[in-house]
Amino acid sequence: MDRVTKMASERAVVIFSKSSCCMCHTIKTLLCDFGVNPAVHELDEIPRGRDVEQALSRLGCNPSVPAVFIGGELVGGANEVMSLHLNRSLIPMLKRAGALWV
């Protein structure tokens with residue numbers, strides 16, 4: 001859990017992902033299209049990625065990926081991020097976290 005907390009606070013936006021996950025790709029594309037430069041951790045490509053995935057599940061991520069942290073706080077997965085985007089809350093949240101400048 002401490003490892004996830006440390007990884008989640010290394011940048012304004014952090015995404016825990018799997019390289020083969022289509023919803024992970026969608027969320028990464030959405031945020032990058034906004035101009036965000038997230039830290040992306042591909043759990044199927046990093047050492048002890050399975051341990052990180054289990055820790056994300058214990059934090060309440062279901063499914064465990066994608067898991068998006070903004071400003072060090074867990075926002076949630078694809079459903080939560082898309083809901084924030086659709087109700088126009090995502091961009092202001094990204095600005096407050098320092099992930100966007102304009």
Side-chain angles (χ1 to χ4, degrees):
M1 201 78 81
D2 290 337
R3 181 175 183 206
V4 170
T5 304
K6 182 179 178 189
M7 293 168 80
S9 55
E10 68 186 19
R11 216 179 272 175
V13 177
V14 177
I15 304 170
F16 292 93
S17 173
K18 285 190 177 176
S19 59
S20 60
C21 171
C22 64
M23 292 310 294
C24 295
H25 175 75
T26 301
I27 295 303
K28 290 183 285 190
T29 301
L30 174 72
L31 292 171
C32 288
D33 284 353
F34 288 152
V36 173
N37 185 21
V40 178
H41 299 285
E42 300 289 356
L43 300 184
D44 56 339
E45 297 177 356
I46 63 171
R48 299 188 65 209
R50 184 75 185 128
D51 294 342
V52 174
E53 188 174 358
Q54 290 173 348
L56 290 167
S57 292
R58 286 192 298 275
L59 284 173
C61 297
N62 185 20
S64 58
V65 294
V68 179
F69 288 77
I70 298 175
E73 299 293 320
L74 175 63
V75 172
N79 287 340
E80 292 80 10
V81 172
M82 291 307 293
S83 293
L84 287 168
H85 176 50
L86 292 172
N87 72 27
R88 298 187 152 107
S89 302
L90 183 58
I91 299 272
M93 183 182 286
L94 293 167
K95 286 180 181 177
R96 283 192 304 276
L100 288 177
W101 300 102
V102 289

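Not measured: the values here are computed from a predicted model.
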Student: How close do Gly71 and Ala97 get, heavy atom to heavy atom, and via which atoms?
Tutor: N-CB, 3.9 Å
Student: Any idea which heavy atoms bring Arg11 and Val14 closest together, and the distance?
Tutor: O-CG2, 3.8 Å
Student: Considering non-hydrogen atoms only, spot the tightest contact between Ala78 and Pro66 and give its length.
Tutor: N-CG, 3.8 Å
Student: Which residue, Gln54, Glu53, Arg58, Arg50, forms the side-chain hydrogen bond (donor to acceptor under 3.5 Å, both in side chains) with Ser64?
Tutor: Glu53
Student: Any side-chain heavy-atom pair from Phe69 and Leu56 closer than 4.5 angstrom?
Tutor: yes
Student: Are Leu59 and Val65 linked, directly or through other ILVMFWY residues, by side chains that come within less than 4.5 angstrom of each other?
Tutor: yes
Student: Would you give the length of the straight line joining atom CZ of Phe16 to atom CG of Leu74, rounded to the nearest 0.5 angstrom?
Tutor: 9.5 Å
Student: Are Ile70 and Val52 connected, step by step, through hydrophobic side chains (Ile, Leu, Val, Met, Phe, Trp, Tyr) whose heavy atoms are closer than 4.5 Å?
Tutor: no
Student: Indicate every side-chain donor-acceptor pair of residues 23-43 with a distance under 3.5 Å to a residue at least two apart or in another chain.
Tutor:
from  : atom 1 : to    : atom 2 : distance (Å)
Thr26 : OG1    : Cys22 : O      : 3.0
Lys28 : NZ     : Ser17 : OG     : 3.3
Lys28 : NZ     : Glu42 : OE2    : 2.6
Thr29 : OG1    : His25 : O      : 2.8
His41 : NE2    : Glu10 : OE2    : 2.8
Glu42 : OE1    : Ser17 : OG     : 3.1
Glu42 : OE1    : Lys18 : N      : 3.4
Glu42 : OE1    : Ser19 : N      : 2.9

Student: Just wondering, do Val75 and Leu90 contact through their side chains at under 4.5 Å, heavy atoms?
Tutor: no
Student: Can you give me every donor-acceptor pair (side chain of residues 80-88, partner residue at least two apart or in another chain, under 3.5 Å) with its distance?
Tutor:
from  : atom 1 : to    : atom 2 : distance (Å)
Glu80 : OE1    : Gly77 : N      : 2.7
Ser83 : OG     : Asn79 : O      : 2.9
Asn87 : OD1    : Ser89 : N      : 3.2
Asn87 : OD1    : Ser89 : OG     : 2.5
Asn87 : ND2    : Ser83 : O      : 3.4

